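Structure, as structure tokens:
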Amino acid sequence: MVETLEQFLPHPLLAIIMHAALPMVIVFPYVLFAVWLERKVSAHMQDRLGPMRTGGWHGWSQTIADMIKMIQKEDIVPSRSDKFLFKFAPFLAFMGAYAAFAVIPFSSEYIGAHLDVGAFYILAVTSVVTLSILMAGWASNNKWSLLGAMRTSAQIVSYEVPTVVAVLSVIVATGTLNLMTISEMQTGTIFNWLIFSNPFLLIAFVLYFISSLAEVNRTPFDLPESESELVGGFQTEYSGMRWGMFMLTEYADMLLVSLLGSVLFFGAWNSPFGDFMSGPVWGVFWMVSKGMFFIFVMMWLRWTLPRLRVDQLMDVCWKYLIPIAFINLVLVALWEMLF
Amino acid sequence: MKNPEEIYAILKEKFGEEKVELKEDAKVVPWIVAAPDSIKEVTKFLRDDDGLDFDYLMCLSGVHYPKDNSLGVTYHVNSTRKKHSLTLKCIVPEDNPHVQSIESVWKTANWHEREVYDMVGIMFDGHPDMRRILCPDDWEGHPLRKDYKVQEYYRGMKVPY
Amino acid sequence: MDLYAIFFYFFGLLTVASAFVVVFARNIVHSAFALMFTFFGVAALYVLLYADFIAVTQLLVYVGGILVLIIFGVMLTTKVFSVEVKTGTLNVLPATLFTAIIAGMLIFVFYVTDWNIIPDQEWDTTVYGIGALLVNDFILPMQVAGVLLLVAMIGAVMMAARERSKS
Amino acid sequence: MPELRTEEMTINMGPQHPSTHGVLRVELVLDGEIVVDAIPHIGYLHRCFEKHSESMNDYQQVIPYVDRMDYVAAMSNELGYAIAVERMLEIEVPERVEYIRVIMAELQRIASHLLAIGTYGLDIGAFTPFLHCFRDRERILEIFESACGARLLYNYIWVGGLSHDVPSNFKDKVRDFINYFPPKIKGYNDLLTYNKIFIDRTADVGVLPPEVALNYAASGPVLRGSGVDWDLRRNDPYSIYDRFEFDVVVGKGEMGTVGDCWDRYIVRVREMEQSVRIIEQAVEQMPDEGDVKAAVPKRIRPPEAEIYARTETPRGELGYYIISDGSMSPFRVKGRSPCFVNLSVLPAISRGSMIADIVAIIGSIDIVLGEIDR
């Protein structure tokens with residue numbers, strides 16, 4: 001795809017930048033939509049209507065208005081904070097989240113970087129978000145923020161293990177780390193999807209989904225923010241667009257794990273109806289709808305469940321998810337050997 | 001179930017008339033006045049005696065009696081098992097307001113006594129943490145005294161608005 | 001100057017500059033965060049050398065693991081709740097000597113080495129090669145490393161558990 | 001192995017913190033996430049209720065101030081004060097007034113408990129039950145609004161009666177509510193009470209043993225959650241509570257230890273069911289016609305006397321210690337607020353728990369700072 005762009009643009013560097021910026025076209029409108037959707041989903045679960053006024057139909061432009069408001073807000077930097085790190089952390093967070101989109105195959109024709117270590121790369125690059133949260137928490141010079149940051153890092157580092165092992169199950173089954181190749185392997189009908197190809201991959205998916213919830217700090221694992229305990233966790237001192245960047249990161253991360261989940265288990269950009277409604281453009285549609293479905297499930301869980309305590313969170317990870325994940329990995333490998 | 005007169009009889013036998021005194025002419029319910037330096041023993045006895053079994057300190061309030069130039073502490077105690085209750089009082093002079101703390105008898109007295117100290121200015125001897133509770137630590141005066149005058153300035157802020 | 005060179009110099013500069021910050025920053029938390037950019041730069045240089053697997057491993061291990069650990073260590077050991085986490089300069093003379101010796105050795109190696117320019121060619125991915133080598137030729141070292149890490153992990157758990165049971 | 005040196009950290013929870021339910025400040029001494037000590041600091045909302053009352057020219061004038069003590073259960077506060085003054089005056093209030101008062105007080109108890117369990121869910125991290133509770137609380141507030149025009153601070157129960165009569169469709173409205181409400185309790189139970197995570201978060205947390213609870217003079221759901229069978233509506237009946245049949249709910253330690261947060265929570269949920277029972281009986285027995293004011297003189301002048309009268313509000317034993325010097329203004333009005341006493345238990349039950357548990361414990365005590373600081 002870079003080659004196509006190079007034909008129209010004066011300099012190859014421009015083509016590369018254009019190519020790299022393409023996921024933005026999906027991520028930004030998605031975040032605006034997802035925040036609106038979160039409000040609507042929560043509202044309807046709680047017998048409310050949610051935003052109804054802004055923009056007319058069901059308040060569709062509420063988040064756009066909010067974004068404009070946030071940009072206009074005064075940029076408050078606490079006087080005793082570490083100014084540079086405080087200002088830099090939100091950007092680093094978004095960088096980490098966005099960099100991971102480079103290897104997501106949005107359709108059969110578009111992938112940011114055709115990397116042979118795609119799945120591995122995503123797991124590596126998302127750790128930048130952890131660092132940025134630590135940075136934000138420490139630079140705020142606020143005890144609550146630091147506690148939140150500590151919790152986040154402990155949580156993300158722990159839950160990385162079951163996530164990686166669950167992803168590894170898929171790698172064992174497919175024999176490649178390249179996400180495009182994994183997607184292409186699932187072409188055909190819905191039964192070619194990896195989740196239906198191996199019963200243990202179904203367990204792997206459940207593990208993946210639970211631990212990815214923790215990776216992106218969503219309820220019931222939203223301890224880093226945990227409004228009722230830590231005020232706002234690492235983002236307590238943030239306001240305006242810097243806070244908005246964290247929000248953007250959170251939703252971008254949600255999309256990322258949902259897309260990765262659909263690539264690894266649910267046939268990526270493949271249509272569930274075989275050849276019907278398939279093709280590069282439909283690919284984007286299927287990819288995004290699958291991602292949105294998992295995001296909806298995440299919202300559903302968020303507005304249903306209470307929050308775990310920090311020791312229970314660690315218990316869930318180390319005592320249940322990790323042993324199950326490892327046993328499951330062996331079973332996946334056995335199944336692949338036998339059938 | 002015992003009425004105040006019966007309880008008084010038991011207390012008089014135990015502590016003697018100089019320590020406890022019954023006010024029978026009081027309206028609604030009669031009360032017992034105890035000496036401020038023996039209130040701890042009296043309440044401990046009330047709590048531990050099998051026949052009385054007062055396990056519940058309902059209320060502890062401080063009152064200023066400007067007519068007699070004295071301050072008072074009123075204890076309302078109750079027994080959840082024997083189902084009787086009693087009003088107990090300590091009267092101390094305004095210029096030397098010291099009462100024994102009963103925090104060790106009923107833990108709930110801790111905050112109540114702090115409140116009385118804060119509002120009326122009675123010192124409780126033997127209290128582990130005698131600080132103001134509702135007003136700031138450096139507030140002047142005790143607001144519930146009848147002759148209380150609000151201070152003009154608190155940390156540079158004008159107080160009477 | 002082609003794109004490759006631009007990227008190379010950019011990442012080379014990033015690596016060196018942030019390494020300088022690591023050494024000279026007065027605030028050790030700043031040092032720790034600057035270390036992240038050094039690791040990034042190194043990872044990017046690996047990418048430019050067509051060593052994608054090593055690059056990603058670099059990110060995963062150093063940025064995701066070791067750096068988080070370092071920052072945790074920094075935050076937990078010093079006075080956490082103030083931004084002034086300052087370091088002083090210690091042992092100037094031994095450090096200078098030591099650095100000079102290492103620098104001399106490196107420069108010596110640079111001069112002695114017979115640098116070959118390999119003609120540009122289409123590079124294949126390294127993942128399969130590394131995988132095959134790890135499970136065929138180097139299976140024993142890999143297993144030994146695994147056992148070592150396991151022992152270290154059990155040791156860490158033991159230490160933490162002892163601490164807990166005492167309190 | 002050398003000893004690992006750890007430092008304790010002091011952290012301020014509040015006065016601006018989402019889970020302290022107002023302007024409470026708790027000074028936490030932490031060892032990591034473990035709480036070594038929790039010291040509540042109160043007084044941020046002190047509005048001199050007692051001093052104000054002493055400067056009032058009339059006993060009736062105290063009632064709006066009483067409203068503002070426990071501002072989410074204003075009816076119950078008014079009822080306690082009215083009963084105290086009526087006992088001093090030795091007057092009887094009309095039958096119909098007593099029924100209306102009981103209905104109002106019990107509706108208020110449901111409203112207050114709804115708020116308590118809703119915000120408790122919020123403390124634990126479940127947002128949805130909170131809004132469901134508010135939806136149902138809204139119906140009660142509507143009934144109150146139709147009766148007295150106010151939704152939060154009613155000034156409705158006066159000494160010797162009510163400020164004015166209930167509307168003609170009052171009984172129907174209350175009946176509608178008691179038909180509507182019980183299925184909703186099941187909804188809360190499904191959504192929150194028996195949720196595994198919720199149980200994990202609250203069971204065995206902040207255990208308050210019954211002896212300690214009595215020694216601290218805890219009352220209301222906090223005391224009953226510890227398994228002490230004590231309810232003033234039954235043990236020291238006031239108004240006409242002796243005419244109704246209802247159970248006193250106590251914590252049994254179903255999910256953990258007796259006296260843990262879950263027990264205190266479930267007492268509130270089950271008390272709502274009992275309140276519905278009381279309202280049902282009261283609506284059936286309530287006379288349709290009758291006066292809503294007793295023969296009270298326009299200016300109340302009680303004899304020289306003193307009284308301690310206590311009632312069971314949603315949060316526990318609310319006592320008024322009133323001294324009259326025979327004049328028109330009260331000589332001393334002391335409000336013995338249940339939250340003030342219940343909160344003093346906090347340091348005793350929170351040592352050794354985690355930060356998240358502190359939130360759970362404060363929520364389970366269900367404090368209203370307006371009443372603590374007065």
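Owing to the predicted nature of the structure, the values given are computational and were not obtained by experimental measurement. Chain letters run A, B, ... following the sequence lines, proteins first and then strands; every chain starts at 1.
Between C:Leu59 and A:Ala124, the shortest heavy-atom distance links the atoms CB-CB, 3.8 Å. Shown here for A:Leu134 and C:Phe33, the closest heavy-atom pair between the two residues is C-CZ, 4.2 Å.
Residues A:Thr176 and C:Tyr128 form a side-chain contact, since some pair of their non-hydrogen atoms from C-beta on lies under 4.5 Å apart.
For chain C, the nearby part of A:Phe88 is the side chain; its heavy atoms alone come within less than 4.5 Å. Contacts between A:Leu131 and chain C at a heavy-atom distance below 4.5 Å involve backbone atoms as well as side-chain atoms. Proximity to chain C (any heavy atom under 4.5 Å) is restricted, for A:Leu92, to the side chain, taken from C-beta onward.
Contacts of residues 103-111 of chain C with chain A at a heavy-atom distance below 4.5 Å are absent; not one residue qualifies. Residues of residues 36-43 of chain C that come within less than 4.5 angstrom of chain A, heavy atom to heavy atom, are C:Met36, C:Phe37, C:Phe40 in numerical order.
A side chain to side chain contact (heavy atoms under 4.5 Å, CB included) with A:Ser127 holds for exactly one of C:Val63, C:Val68, C:Leu67; it is C:Val63.
Within a 6.0 Å radius of OH in C:Tyr46, other residues, nucleotides and ligands contribute 12 heavy atoms or fewer.
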